[in-house]
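In this chain, residues are counted from 1 in sequence order. All ligand and atom numbering here is 1-based and tracks the order in the structure.
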Amino acid sequence: MQPIELIRLAEAARDTAYAPYSGFRVGAALLAASGLVYTGCNIENAAYSPTNCAERTAFFKAVSAGERKFVAIAIAGGRDKEVTEPCPPCGVCRQVMAEFCDSENFMIYVSRGQGQHDTYTLGRLLPESFGKSNVI
Ligand code: THU
């Protein structure tokens, strides 16, 4: 699957965002090694801190479906109907990615809108991360 296809799915996933407090709608599309794509949106809460980001929604859907290996994620976010600026993943979502994804190979595509995107490895966005090897 090409990055642009994954980005289009992330942009479409913004449609179901539940963001009545921030008005900031985020969509994510996560490509598993199985070839299946799991989408997610942000889900806000009146108590604020229970809010779940789009990326984590996608990961939790995938992991709960039995997936454990992942190839790439596309992220699209913003206040407007169309994406106009990049929405890089928050620190908590980067840590969730690190639990399941290889830092050198897992790719993160951040939409800039109008068919443009930025490309990162997980290792670039979360260097020197805390993980399984620190605990086990
Ligand atoms: N948000 C995401 O869904 N993903 C990110 O990577 C950054 C932030 C959401 C959380 C909240 O609902 C809204 O965007 C504003 O922070």
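Below 4.0 Å from some heavy atom of Val26 lie the following atoms of ligand 1, by number and element: 1 (N), 2 (C), 3 (O), 4 (N), 9 (C), 14 (O). The distance from ligand 1 to the heavy atoms of Pro89 drops below 4.0 Å at these ligand atoms: 6 (O). Close contacts between ligand 1 and Pro88 involve ligand atoms 6 (O) [criterion: under 4.0 Å to a heavy atom]. Heavy-atom contacts of Cys90 reach the following atoms of ligand 1: 6 (O) (cutoff under 4.0 Å).
Ring pair His117/Tyr109 is perpendicular by interplanar angle, where above 60° counts as perpendicular and below 30° as parallel.
By the 6.0 Å contact criterion, CD on Glu82 is open, its count of non-hydrogen atoms from other residues, nucleotides or ligands being 12 or less. Enclosure of atom CZ in Arg124 is not indicated, since only 12 or fewer non-hydrogen atoms of other residues, nucleotides or ligands lie within 6.0 angstrom. With a 6.0 Å radius and a threshold of 12 heavy atoms from other residues, nucleotides or ligands, Glu85 has its CD atom at or below the threshold.
In this structure the side chain of Arg94 reaches within 4.5 angstrom of the side chain of Pro88, judged on heavy atoms. Between Pro20 and Glu44, some side-chain heavy-atom pair lies under the 4.5 Å cut-off.
In this structure, atom 12 (O) of ligand 1 lies nearest to the protein heavy atom Glu44 OE2, 2.5 Å. Among protein heavy atoms, the minimum distance from atom 15 (C) of ligand 1 is reached at Ser22 OG, 3.8 Å. Of all protein heavy atoms, the one lying nearest to atom 16 (O) of ligand 1 is Phe24 CD2, 4.9 Å. Of the protein's heavy atoms, Glu55 OE1, 2.9 Å lies nearest to atom 4 (N) of ligand 1. When hydrogens are left out, the protein atom nearest atom 3 (O) of ligand 1 is Ala54 N, 2.9 Å; that is the closest non-hydrogen contact. For atom 9 (C) of ligand 1, the closest non-hydrogen atom on the protein side is Asn42 ND2, 3.6 Å. Among all protein heavy atoms, the one lying closest to atom 8 (C) of ligand 1 is Cys53 SG, 4.0 Å.
The structure places CG of Asn52 at 9.0 Å from SG of Cys41, a figure rounded to the nearest 0.5 Å.
The distance criterion of under 3.5 Å between nitrogen or oxygen atoms is not met by Cys87 with respect to ligand 1.
The aromatic ring centroids of Phe59 and Phe70 lie less than 6.0 Å from each other.
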